[in-house]
Amino acid sequence: MSQSELAFAVGVARSAVAQWERKDGARPTTDNMAKIAMATVVSFEWLATGRGSRWVGGGSEDDSQETPAMLLNFYAQCGLEERLLVAFRSLRNPEQQPLVDFVEAMTARA
């Protein structure tokens with residue numbers, strides 16, 4: 001990935017990426033570090049600390065695991081979606097499954 005491509009993905013100027021790459025350069029903010037991790041498909045912990053699994057999901061680069069939704073840019077795109085996501089995350093796992101089944105059934109009919 002080029003500096004320009006990463007800068008676009010993170011939402012900064014190319015010169016910021018150049019600074020991050022320099023040994024004595026500026027360091028990215030935590031928010032930008034999270035965006036870098038998403039853009040490069042590496043775990044935030046590994047990128048920030050060098051510890052833990054390098055790849056999102058804990059596998060190797062060649063694993064055929066499903067891509068997490070976050071990497072596919074499935075994030076709240078409006079206030080209504082944000083409310084739904086916040087409410088969903090407040091439920092325990094057994095309570096989440098029927099809700100997911102219901103929504104999937106509704107979308108299958110649409």
Side-chain angles (χ1 to χ4, degrees):
M1 177 177 283
S2 71
Q3 288 181 347
S4 296
E5 291 169 330
L6 183 59
F8 180 78
V10 176
V12 298
R14 189 203 55 77
S15 59
V17 176
Q19 280 292 317
W20 299 338
E21 291 180 348
R22 291 177 45 126
K23 183 178 180 179
D24 60 343
R27 300 283 176 235
T29 64
T30 303
D31 286 341
N32 285 341
M33 186 85 72
K35 293 174 186 175
I36 294 167
M38 287 178 51
T40 58
V41 196
V42 299
S43 76
F44 178 85
E45 180 185 11
W46 178 85
L47 185 63
T49 68
R51 292 188 305 263
S53 175
R54 178 177 180 178
W55 305 109
V56 172
S60 70
E61 188 173 17
D62 297 328
D63 281 352
S64 60
Q65 300 174 359
E66 283 188 31
T67 304
M70 184 171 77
L71 295 178
L72 299 175
N73 294 325
F74 288 130
Y75 51 87
Q77 297 178 357
C78 68
L80 189 59
E81 286 184 29
E82 183 175 351
R83 286 177 47 206
L84 181 62
L85 185 57
V86 168
F88 179 80
R89 287 182 177 168
S90 71
L91 299 172
R92 291 180 293 122
N93 190 296
E95 298 165 329
Q96 291 175 336
Q97 189 61 52
L99 183 57
V100 170
D101 293 342
F102 173 72
V103 172
E104 287 177 342
M106 288 182 62
T107 59
R109 288 185 281 172

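For reference, positions follow the sequence shown, starting with 1.
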Under the rule for side-chain contact (heavy atoms from CB on, under 4.5 Å), what residues qualify as partners of R92, not counting sequence neighbours? P94, E95
Please determine whether residues V42 and M1 belong to a single hydrophobic cluster, defined as Ile, Leu, Val, Met, Phe, Trp and Tyr linked transitively by side-chain heavy-atom distances below 4.5 Å. yes
Salt bridge (Lys or Arg N to Asp or Glu O under 4.0 Å) involving R22 - partner list, sequence neighbours excluded: D24
Where is the tightest heavy-atom contact between L91 and Q96, given as atom of each residue plus distance? O-NE2, 3.4 Å
May I ask you to decide if W46's main-chain N or O and T49's side chain share a donor-acceptor pair within less than 3.5 Å? no
Among residues at least two apart in sequence or on other chains, which ones pass side-chain contact (heavy atoms from CB on, under 4.5 Å) with F44? T30, M33, A34, A37, A48
Only pairs at least two apart or in different chains count here, so list each salt bridge (Lys or Arg N to Asp or Glu O under 4.0 Å) that has a residue in residues 1-10. none
Sequence neighbours excluded, every pair satisfying salt bridge (Lys or Arg N to Asp or Glu O under 4.0 Å) that has a member inside residues 25-36: none
So, taking the atom named CG in L85 and the one named CG in L80, what distance separates them when rounded to the nearest 0.5 Å? 11.5 Å
Show me the donor-acceptor pairs, under 3.5 Å and distance only, between side chains in residues 10-21 and residues at least two apart or in other chains.
from: R14; atom 1: NH1; to: Q3; atom 2: OE1; distance (Å): 2.6
from: Q19; atom 1: OE1; to: A26; atom 2: N; distance (Å): 3.4
from: E21; atom 1: OE1; to: Q3; atom 2: NE2; distance (Å): 2.6

Min side-chain heavy-atom separation V103-V100 under 4.5 Å: no
Apply side-chain contact (heavy atoms from CB on, under 4.5 Å) to D101 and list each qualifying residue two or more places apart in sequence or on a separate chain. Q97, E104
